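Inspection log for the structure reproduced underneath, given as structure tokens.
Numbering of ligands and ligand atoms starts at 1, following listing order. Predicted model only: the values in this text are computed from it and were never measured.
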Amino acid sequence: MNYPDKVQIIDVSPRDGLQNEKQTVPTEIKFELIQGLIDAGITKLEATSFVSPKWVPQMGDNSALMQLINSNDNRHKQVCYSVLTPNMRGFDNALVFAPDEVVIFGSASETFSQKNINCSIDESIERFAPVAAAAKEAGIKVRGVISCTVGCPYEGEIAPSQVAYVTKRLVEIGAEHIGIADTIGVGTPIKVQNALKAALDYIDVQHISGHFHDTYGQALANTLAAVELGVAQYDTSVAGLGGCPFAKGATGNVATEDVVYMLQGMGIETGVDLDKLIYVGQKISDYLGRKNSSRAATALLAKQTS
Ligand code: HMG
Ligand code: MG
């Protein structure tokens, strides 16, 4: 097996984890979550997204949150703070806060592209191109994420050739990294490997990440399938929070705690302190009044209390 020695965890809970919450989560709670993640050893995270507040009200405090991160020596130099920027409007709004990375997010499904960002796949590439160029000019990293790479809530199964097409287009316009997302968590290991292999025709494995939602309980298996291909970066959410408002019924991302537990057991380094992380996940779950969706966290917390 082609296992990597180290894996980069990108905790996306402040963004993907919270974007679908119906209750307004105060900016201070998001900030506390981010600081807690960093204290637990997370070195890369998605802080927020610069999208329309009419479409995703929960991310409407993007500027306030970034301002808080940037004030009073709160920002950690060793941490990569990523934000989602679907168009130039979003990029310009984000730029004043000097994010370390911007994420342009497309889709391998034409219908999901329309539902999520209100344009076709080809139109989305046209919108992303100036964002990627402006980010490069400003010295900001550009990551492309592709939704619905194995299945779509509207179109059903998605062919790997669609993943190849969108990867190629994103790389052509300057994406330095490609995230392969199973938005609705329908993927199984071989299908996910096929989606990853399609992307690998256009970008090296060290610039690919996996982003697996756990709707059908496959996300950890899919993570392992990606690890077996040598993929060494994963978007995960503490306590398994997450979901997309435009993919009804989809549940959270694979829990960061579960991925860290699995990788630690395999002798793969993540730099994350699992005990501290579990505390952060339980705290935000308690705040939201949600059951902690991390199996490893639930088991380890039960052991502690017994
Ligand atoms: P649009 O309606 O096509 O854009 O939205 P528009 O240019 O026609 O503008 C319409 C209105 O939005 C205008 O305001 C603009 O000013 C405003 P109005 O005149 O009506 O008051 N607007 C903006 N406001 C703030 N920030 C902006 C912005 N752009 C336009 N950047 C847009 C296009 C993409 C903005 C919209 O469709 C949108 O915000 N969609 C939300 C997308 C989203 O956040 N989805 C969830 C995140 S992606 C995800 O979860 C998947 C992922 O996790 C991977 C996976 O699991 O698959 C990444
Ligand atoms: Mg997602």
Side-chain angles (χ1 to χ4, degrees), residues 10-21 45-63 66 82-97 99 101-109 111-121 123-128 130-131 134 143-155 158 162-163 166 170 175 177-187 192 195 209-215 219 222 234-237 240-256:
I10 308 166
D11 194 288
V12 297
S13 59
R15 195 278 304 167
D16 202 333
L18 298 179
Q19 70 183 7
N20 211 19
E21 277 299 320
L45 54 89
E46 283 183 3
T48 185
S49 55
F50 285 84
V51 297
S52 163
K54 286 186 192 152
W55 283 63
V56 188
Q58 192 61 257
M59 297 288 108
D61 65 343
N62 42 29
S63 293
M66 290 307 290
S82 305
V83 299
L84 270 59
T85 56
N87 54 17
M88 276 311 286
R89 168 92 188 269
F91 178 78
D92 288 339
N93 290 347
L95 183 62
V96 287
F97 303 107
E101 180 182 68
V102 292
V103 180
I104 45 182
F105 51 103
S107 171
S109 149
T111 314
F112 186 76
S113 181
Q114 291 286 356
K115 300 274 184 192
N116 193 39
I117 50 174
N118 207 23
C119 62
S120 70
I121 293 172
E123 283 163 351
S124 76
I125 301 292
E126 276 168 38
R127 288 183 186 183
F128 298 151
V131 175
R143 177 156 54 98
V145 174
I146 309 175
S147 290
C148 298
T149 57
V150 280
C152 166
Y154 309 100
E155 293 184 14
I158 296 293
Q162 274 297 107
V163 180
V166 183
L170 285 170
H177 182 105
I178 296 292
I180 296 298
D182 181 8
T183 313
I184 54 171
V186 287
V192 163
S209 52
H211 176 118
F212 306 129
H213 285 263
D214 198 33
T215 319
N222 291 338
Y234 295 92
D235 297 354
T236 64
S237 265
L241 297 173
C244 176
F246 312 103
K248 295 267 172 289
T251 63
N253 295 94
V254 67
T256 310

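Among the backbone and side-chain atoms of C244, none of the N, O or S atoms lies under 2.8 Å from the Mg ion (ligand 2). With 2.8 Å as the limit, D16 counts as an N, O or S neighbour of the Mg ion (ligand 2).
The side chain to side chain donor-acceptor pair (under 3.5 Å) test with H211 singles out one residue from D16, N222, D182, T236, and that residue is D16.
Here the shortest heavy-atom distance to atom 52 (C) of ligand 1, taken over E123, M88, R15, belongs to R15. Across the listed options R127, M59, R89, R127 owns the non-hydrogen atom lying nearest to atom 33 (C) of ligand 1. With atom 39 (O) of ligand 1 as the reference point, the heavy atom nearest to it among G60, S52, G179 is part of S52. When V51, V56, N20, T85 are ranked by how near their heavy atoms come to atom 26 (N) of ligand 1, first place goes to V51. Here atom 48 (S) of ligand 1 lies nearest to F105 when heavy atoms of F246, F105, F91, F212 are compared.
Between F50 and F97, the two ring planes are parallel [angle under 30°; tilted spans 30° to 60°].
Shown in contact with N118 at under 4.0 Å from a heavy atom are these atoms of ligand 1, numbered in order with element: 1 (P), 2 (O), 3 (O), 37 (O). Atoms of ligand 1 found under 4.0 Å from any heavy atom of F50, numbered from 1 in the order shown, are 26 (N), 27 (C), 31 (N). Distances below 4.0 Å separate heavy atoms of S147 from the following atoms of ligand 1: 51 (C), 54 (C), 55 (C), 57 (O). Atoms of ligand 1 lying under 4.0 Å from any heavy atom of C244, numbered from 1 in the order shown and given with element: 50 (O). Close approach to K54 involves these atoms of ligand 1, each under 4.0 Å from a residue heavy atom: 18 (P), 20 (O), 21 (O). Atoms of ligand 1 lying under 4.0 Å from at least one heavy atom of G90, given by number and element, are 31 (N). Heavy-atom proximity to P86, at under 4.0 Å, picks out these atoms of ligand 1: 34 (C). Every atom of ligand 1 with a heavy atom of H213 under 4.0 Å away is listed here by number and element: 56 (O).
With 3.5 Å as the limit, one finds a donor-acceptor pair spanning the side chains of S237 and N253.
Counting only heavy atoms, the protein gets under 4.0 Å from atom 50 (O) of ligand 1. Atom 19 (O) of ligand 1 is not flagged as protein-proximal [any protein heavy atom, distance under 4.0 Å]. Atom 1 (P) of ligand 1 lies below 4.0 Å from at least one non-hydrogen atom of the protein. Taking a distance limit of 4.0 Å, we find that atom 6 (P) of ligand 1 is approached by no protein heavy atom. Protein heavy atoms are absent from the space less than 4.0 angstrom from atom 11 (C) of ligand 1.
Looking at D182 next to ligand 1, no N or O pair under 3.5 Å apart turns up. Between Q19 and ligand 1, at least one N/O pair is under 3.5 Å apart. Considering backbone and side-chain atoms together, L84 places no N or O closer than 3.5 Å to any N or O of ligand 1. Of the polar atoms of N116, at least one N or O is found under 3.5 Å from an N or O of ligand 1, judged by distance alone.
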Practice problem: Walk me through it: do S113 and S107 pass the test side chain to side chain donor-acceptor pair (under 3.5 Å)? | Solution: CA-CA 5 Å; S113 181; S107 171; 5.5 Å; no
Quiz item: Checking side-chain contact (heavy atoms from CB on, under 4.5 Å) for the pair L170/I146: CA distance, chi angles, key distance, verdict?
Solution: CA-CA 9 Å; L170 285 170; I146 309 175; 3.7 Å; yes
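Judged by distance alone, with hydrogens and angles left aside, the side-chain atoms of E46 form no donor-acceptor pair with the main-chain N or O of P14 at under 3.5 Å.
Salt bridge absent: D235 and R15 never bring a charged side-chain N and a carboxylate O closer than 4.0 Å.
Contact between T183 and C244 at its shortest, heavy atoms only, is CG2-CB, 4.5 Å.
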